[in-house]
Participant: 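Here you go, one structure.
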Protein chains: 2
Amino acid sequence: MAGRPRSFDRDEALAAAVEQFWRTGYDQTSIAMLTQAMGVTPPSLYAAFGDKDHLFDEASTRYFERTCEAVDAAAAQPTARAAIARMLDDTARAHTDTRTPLGCLMLTEPRLAPQREALRDRLARRIARGVAEGDLPSSVRPDELAAFLVAVMRGMSGCARDGGTTAEVLAIADTALAAVPRP
Amino acid sequence: MAGRPRSFDRDEALAAAVEQFWRTGYDQTSIAMLTQAMGVTPPSLYAAFGDKDHLFDEASTRYFERTCEAVDAAAAQPTARAAIARMLDDTARAHTDTRTPLGCLMLTEPRLAPQREALRDRLARRIARGVAEGDLPSSVRPDELAAFLVAVMRGMSGCARDGGTTAEVLAIADTALAAVPRP
DNA sequence: AGCATACCGTAGTGATCGCTATGGAATGTG
DNA sequence: CACATTCCATAGCGATCACTACGGTATGCT
């Protein structure tokens with residue numbers, strides 16, 4: 001009834017796929033690049049993950065979960081302003097970390113608009129809480145501020161892709177923080 | 001000595017190429033799409049523009065010139081702050097104009113990093129002038145503020161690509177303007 | 001008019017893409 | 001041990017890519 005078990009770790013292979021998609025994007029990542037990065041032959045890849053689209057979906061979902069964890073960690077800061085500052089700082093440092101690919105998969109990949117929207121909603125909720133608790137003035141429109149922050153993070157990601165240093169991207173984050181109103 | 005002249009207008013064909021690259025990006029734009037959009041057969045295209053890379057270089061150069069004109073027009077505003085406001089407003093409206101492709105070719109195309117840098121330098125010079133003239137506080141670092149603005153515009157472009165409305169993108173611009181210090 | 005030139009349209013080149021059919025090897029079960 | 005099942009490896013499928021070699025043909029110069 002049972003046959004030979006697969007000789008590679010599915011999670012490790014998926015992690016390698018995430019990194020490859022992250023590094024070169026969906027279009028520029030060929031199956032050959034994926035099989036080499038994952039240490040798996042094409043038939044094994046298709047048996048384990050379906051087609052390229054499905055593999056990307058699974059990879060981007062995993063990436064998105066990691067991103068959400070980071071956002072939630074930042075959101076745990078006592079004030080909304082501190083949460084935003086932490087998030088921008090994390091973004092700057094993570095996207096210029098030389099140990100990982102530059103930039104952000106989510107914010108540069110055209111097909112991940114729903115994830116960006118979900119991220120914006122999370123931000124908007126944290127900001128709304130900050131408004132309710134008096135961290136931010138009541139004139140703040142949570143969805144607008146969230147959209148601004150997503151735009152800034154996307155710009156930071158692009159700057160990192162273009163070779164911007166950690167200091168340069170951090171400066172963008174600092175400048176953006178000035179746009180967050182004080183109570 | 002002279003043979004048959006070409007039967008299409010080179011400038012019009014280049015304009016069509018600009019629009020096609022703008023709409024679908026470099027990678028996703030095939031020669032077949034270009035020939036159809038330009039109303040030109042492949043051999044004529046290669047005779048007139050060289051290969052695909054060279055055509056893209058020429059198209060992006062033309063696009064960049066238009067962008068520079070818009071930036072210079074905004075820079076003519078009396079104060080640096082007004083120039084920045086005008087530029088952000090232009091960006092929001094232009095990139096959500098339904099008569100043209102959504103988003104910005106320059107800010108979404110990976111290979112146009114030098115143009116982005118040139119744009120940032122132009123902005124930095126205008127900001128430096130504003131600092132010198134007292135429009136902005138002397139604490140402003142022109143290059144950092146310029147990098148921030150380029151990042152925001154890139155984020156606005158992406159938001160427009162994702163289907164963001166003019167109002168949404170304008171709201172991002174307004175929020176970003178709050179990050180520009182007052183004198 | 002007549003010639004030389006450079007156009008246009010078709011069709012096809014080699015390369016690469018995502019994806020899969022075919023075998024032989026390796027494992028778990030009876 | 002023998003069998004069933006699922007694995008891995010090679011090789012190749014059709015489709016599409018950027019790009020070009022051929023014809024016929026329309027133009028400008030003499």
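Below, read A as the first sequence line, B as the second, and so on, with proteins coming before strands; counting in each chain starts at 1.
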Participant: Could you check whether any side-chain N or O of Arg120(B) sits under 3.5 Å from a backbone N or O of Ala147(B), counting only pairs where one atom can act as donor and the other as acceptor?
Facilitator: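 Here the side-chain-to-backbone pair does not exist.
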
Participant: Round to the nearest Å and state the distance from Phe8(B) atom CZ to dA26(D) atom P.
Facilitator: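 Computing the Phe8(B):CZ to dA26(D):P distance gives 18 Å.
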
Participant: Just the rounded figure in Å: distance from P of dA18(D) to CD of Gln36(B).
Facilitator: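 So the CD-P distance, Gln36(B) to dA18(D), works out to 14 Å.
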
Participant: Rounded to the Å, how far apart are Asp51(A) CG and dC17(C) C1'?
Facilitator: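 To the nearest whole Å, that distance equals 14 Å.
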
Participant: Based on the rotation axes of five pairs at each end, what angle does the helix from dG9(C)-dC22(D) to dG30(C)-dC1(D) bend through, to 10°?
Facilitator: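 Here the helix ends are tilted 20° relative to one another.
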
Participant: Starting at CG of Asp53(A) and ending at C1' of dC17(C), how long is that distance when rounded to a whole Å?
Facilitator: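 Result: 14 Å.
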
Participant: Mark yes or no: Lys52(B) above the aromatic ring of Tyr26(B), with NZ or CZ under 6.0 Å from the six-membered ring centre and no more than 45 degrees from the axis.
Facilitator: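 Relative to the ring axis of Tyr26(B), which defines the angle, Lys52(B) lies inside both limits.
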
Participant: Sub-3.5 Å donor-acceptor pair from the side chain of Asp97(A) to the main-chain atoms of Arg99(A), do we have one?
Facilitator: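 Yes; at least one donor-acceptor contact below 3.5 Å.
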
Participant: Once you round it to whole Å, what is the distance between P of dG18(C) and CG of Leu34(A)?
Facilitator: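 The distance from CG of Leu34(A) to P of dG18(C) comes to 8 Å, rounded to the nearest Å.
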
Participant: Below 4.0 angstrom, N of the basic side chain to O of the carboxylate: do Arg141(B) and Asp174(A) qualify?
Facilitator: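 Result for this pair is no, no salt bridge flagged.
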
Participant: Please round to the nearest 0.5 Å and tell me the distance separating atom OG1 of Thr96(A) and atom CG of Leu170(A).
Facilitator: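 Output value for this atom pair is 6.5 Å.
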
Participant: Could you state the CZ-C1' distance from Phe49(A) to dG18(C), rounded to the nearest angstrom?
Facilitator: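 Value for this atom pair: 17 Å.
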
Participant: Determine, for Asp72(A) against Arg122(A), whether the closest basic-nitrogen to carboxylate-oxygen distance falls under 4.0 angstrom.
Facilitator: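 Yes, charged N to carboxylate O under 4.0 Å.
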
Participant: In this structure, how many angstroms lie between the P atom of dC19(D) and the OH atom of Tyr46(B), rounded?
Facilitator: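 That distance rounds to 4 Å.
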
Participant: Quick one: are Arg182(B) and Arg81(B) in side-chain contact, heavy atoms under 4.5 Å?
Facilitator: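 Heavy-atom side-chain distance check passes, below 4.5 Å.
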
Participant: Could you run down nucleotides 9-17 of chain D 5' to 3' and tag each one B, S or - for protein heavy-atom contact under 4.0 Å?
Facilitator: BB------S

Participant: Output yes when Glu19(A) and Arg23(A) qualify as a salt bridge under the 4.0 Å nitrogen-oxygen rule, no when they do not.
Facilitator: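 Looking at Arg23(A) together with Glu19(A), the answer is yes, because their closest N to O distance falls below 4.0 Å.
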
Participant: Distance check needed: dC17(C) P versus Tyr26(A) OH, whole Å only.
Facilitator: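 Roughly 13 Å, once rounded to whole Å.
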
Participant: Do any pairs count as a ring-ring contact (aromatic ring centres under 6.0 Å, His included) and have a residue in residues 62-87 of chain A, sequence neighbours left out, and if so which ones?
Facilitator: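 As it turns out, the ring-ring contact (aromatic ring centres under 6.0 Å, His included) pairs with a partner in residues 62-87 of chain A, which skip direct neighbours, are Trp22(A)-Tyr63(A).
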
